[in-house]
Each structure stands twice: as structure tokens, then as C-alpha cells.
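See structure below.
The basis for the numbers below is simple: all heavy atoms, side chains too, and nothing from hydrogens, waters or symmetry mates. Chain letters run A, B, ... following the sequence lines, proteins first and then strands; every chain starts at 1.
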Amino acid sequence: MKLATWNVNSIIARLPRLLDWLDQLSPDVVCLQETKVADDSFPYAELRELGYDAAAHGDGRWNGVAILSRQGVADIAYGVPGAPNFPAPRSPPEARAITGTCGPLRLTSVYVPNGREPADPHYVYKLRWLAALGAAIQADAAGPGPFAVLGDFNVAPTDDDVWDPASFVGSTHVTEPERAALAALRDLGLRDVVPRPLKYDRPFTYWDYRAGMFHQNKGMRIDLVYGNSAFAGSVDDAYVDREARKGKGMSDHAPVVIDLSL
DNA sequence: ATGCCTTATTTCATAAGA
């Protein structure tokens with residue numbers, strides 16, 4: 001089984017590239033983030049033509065997650081129960097998680113809040129959201145069946161996961177509390193399935209659009225695959241598909257592709 | 001070459017991304 005996760009930065013803007021990529025790679029299941037589309041505008045028909053069912057959870061302008069699958073998506077759950085809201089407690093919950101079962105696999109596709117700056121209320125929101133995520137997936141993580149929570153975590157697990165740690169001092173994505181939140185997820189029995197890079201020495205998954213960052217490989221590894229033992233034990237290969245980050249009309253994230261023997 | 005930011009919307013300007 002071929003599984004992938006990809007922050008597409010708008011599924012509408014990315015649709016031609018996404019469809020080409022699906023056609024070329026032919027993954028069985030794909031978790032998407034930042035679809036940036038309301039559910040009634042989701043491109044179900046175009047995906048169906050390539051054989052994919054889709055479960056989507058969108059806000060419209062921001063956020064948005066989805067699971068595409070060639071073997072259907074069952075037992076769908078939207079969002080994270082108990083997740084905080086932003087900016088106000090009474091704000092509607094943001095569409096940042098969707099869970100479903102695709103054949104033997106149970107998956108949660110996540111788009112973790114950015115945090116903006118350590119002093120920003122959004123940073124507190126991010127930490128609380130990650131804590132709620134842990135509580136929500138605890139049972140699936142501890143279960144015997146293969147499960148993974150995967151997507152854009154907006155946290156670089158270690159200093160090796162950013163191109164220049166010195167340039168990130170004082171920024172989000174690298175702070176101790178964010179990394180502790182990831183460690184808490186691993187403590188649920190989840191393992192970081194680290195992909196191999198297809199070029200250079202580190203498996204970055206995100207490069208800023210600006211200033212030729214991609215071309216200088218000034219990136220970050222913030223798109224993560226956290227699998228339980230049944231999942232991680234079935235991984236044959238995992239890699240960052242940096243080819244999909246090239247050219248015109250690309251996302252600022254590359255997909256992570258995982259081959260599994262289930 | 002991979003090439004110097006992109007997205008949707010409250011659109012000719014803004015907020016957000018990380």
C-alpha cells in the first residue's frame with residue numbers, strides 16, 4: 001500500500017498538479033492539508049475520475065483537511081473533540097483534523113496551528129490544540145491495528161530538522177514546549193517515521209516560497225508521520241517527493257510518501 | 001537547472017503562512 005501526506009496550499013489552486021501527481025504516483029491513500037476550500041466546493045468529481053473517494057473537512061478560506069482513498073473512507077470523524085477554538089473560545093472550531101479508515105489503515109490527517117510567534121495567543125492555541133489531539137487519538141494509537149496521525153505539524157522535532165537553527169532562535173516551530181508536545185504524542189506509542197531525502201542529506205518537507213529557499217535547500221521538516229507499532233512495523237520505505245515541490249504552480253510543501261506492507 | 005512568494009477574499013489591498 002502506498003500512502004502519502006501533502007500540504008497542498010489550496011487544493012483548487014493545486015488541482016492540475018495534484019491530479020497529475022496522483023496519476024503518476026498512484027498512491028492508495030493521501031492525506032491532504034490546507035485545502036482552503038469549503039466542503040461544497042471540494043473537487044470530488046475530478047478526484048473520482050482518478051478513482052479516489054474523498055472525505056473532506058473545510059472552512060473555506062483557511063485550513064481544511066481531507067483524506068483521499070481508492071478503497072473508500074469509513075468511520076469518518078471531523079475535527080478534534082475538546083480542541084480549543086481561536087481567536088475566542090466561542091469561535092467556530094477550525095477545520096484542522098479529519099480521521100477515517102481506509103482498508104486496514106486508521107488515519108488522522110492534521111493541520112496543526114502555526115503559532116505565529118511565541119508571544120502570540122496563537123502559540124498558546126497551538127500547544128493546547130496539540131494536547132487535545134493527543135487525547136483524541138490515544139485509543140487509536142494504543143490499538144492493535146495500524147494507525148498513524150500525519151500531516152503538517154508545524155513543529156520541527158529537532159534542530160537537525162531546520163536548515164539553520166541559529167536563524168530560528170526566538171521563532172515558533174522549534175521551541176521546547178512545541179517539541180515537548182510532539183514527545184507527548186510519541187509517548188502514546190507513536191513513532192516518528194522519518195522519510196529519506198531524495199537529494200541532499202536531510203528530509204526537509206517545507207521551503208519558503210521566497211528568496212530561492214528551495215533552490216538553496218533552506219528548508220524544514222515539519223510534515224510528519226507518527227505511526228503506532230503496527231503501522232511503523234509495516235513501513236517498507238518512506239521518502240520526501242521533492243520533485244513535486246519543483247516548477248510552476250507548486251505548493252511550498254513536498255509530499256511525504258510511505259510504502260507499507262499490510 | 002529547481003529560480004528569487006503565494007493564497008483567497010472584505011480584490012488594485014490585506015492577512016496569513018512558518
Applying ring pair (Phe, Tyr, Trp, His ring centres under 6.0 Å) to A/Phe168 and A/His173, what does each step give before you reach the verdict? CA-CA 8 Å; A/Phe168 285 88; A/His173 295 62; 7.9 Å; no

Say whether A/Asn63 and A/Lys36, considering side chains only, have a donor N or O and an acceptor N or O under 3.5 Å apart.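 No donor-acceptor contact under 3.5 Å links the two side chains.
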
Between A/His57 and A/Asp39, is there a side-chain donor-acceptor contact under 3.5 Å, judged purely by atom types and distance?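 No donor-acceptor contact under 3.5 Å links the two side chains.
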
Taking the [atom1] atom of each, how far is [N] from [M], in whole Å?
N: B/dT10; M: B/dA16; atom1: C1'; answer: 15 Å
N: B/dA1; M: B/dA13; atom1: P; answer: 36 Å
N: B/dG17; M: B/dC12; atom1: P; answer: 22 Å
N: B/dA8; M: B/dA18; atom1: P; answer: 15 Å

Ring pair (Phe, Tyr, Trp, His ring centres under 6.0 Å) between A/Tyr125 and A/Phe86, intermediate numbers included: CA-CA 7 Å; A/Tyr125 170 56; A/Phe86 189 87; 5.0 Å; yes

If I take atom [atom1] in residue [X] and atom [atom2] in nucleotide [N], what distance separates them, rounded to the nearest angstrom?
X: A/Ile12; N: B/dT9; atom1: CD1; atom2: P; answer: 10 Å
X: A/Lys248; N: B/dA1; atom1: NZ; atom2: P; answer: 13 Å
X: A/Met213; N: B/dC5; atom1: CE; atom2: C1'; answer: 11 Å

Quick check on the 6.0 Å ring-centre criterion: do A/Tyr226 and A/Phe153 meet it?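 Close enough - the centres of the two rings lie under 6.0 Å apart.
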
For A/Lys218, answer base if it contacts any base atom (sugar-phosphate contacts may also be present), sugar-phosphate if it contacts only those atoms, and nothing otherwise; contact means non-hydrogen atoms under 4.0 Å.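 No contact.
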
Could you pull out all residues at least two apart from A/Asp259 that satisfy salt bridge (Lys or Arg N to Asp or Glu O under 4.0 Å)?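 A/Asp259 satisfies salt bridge (Lys or Arg N to Asp or Glu O under 4.0 Å) with A/Lys2 once adjacent residues are dropped.
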
Produce a footprint string for nucleotides 10-18 of chain B: one letter per nucleotide, 5' end first; B if the base is under 4.0 Å from any protein heavy atom, S if only the sugar-phosphate is, - if neither. ----BBSBB

If you find the nucleotide of DNA chain B closest to A/Ser10 and the one closest to A/His215, which residue's nucleotide is nearer the 5' end?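 Counting from the 5' end, the first nearest nucleotide belongs to A/His215.
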
Is there a side-chain contact between A/Arg14 and the phosphate of B/dT7, meaning an N or O under 4.0 Å from OP1 or OP2?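 The answer is yes; a side-chain N or O of A/Arg14 sits under 4.0 Å from OP1 or OP2.
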
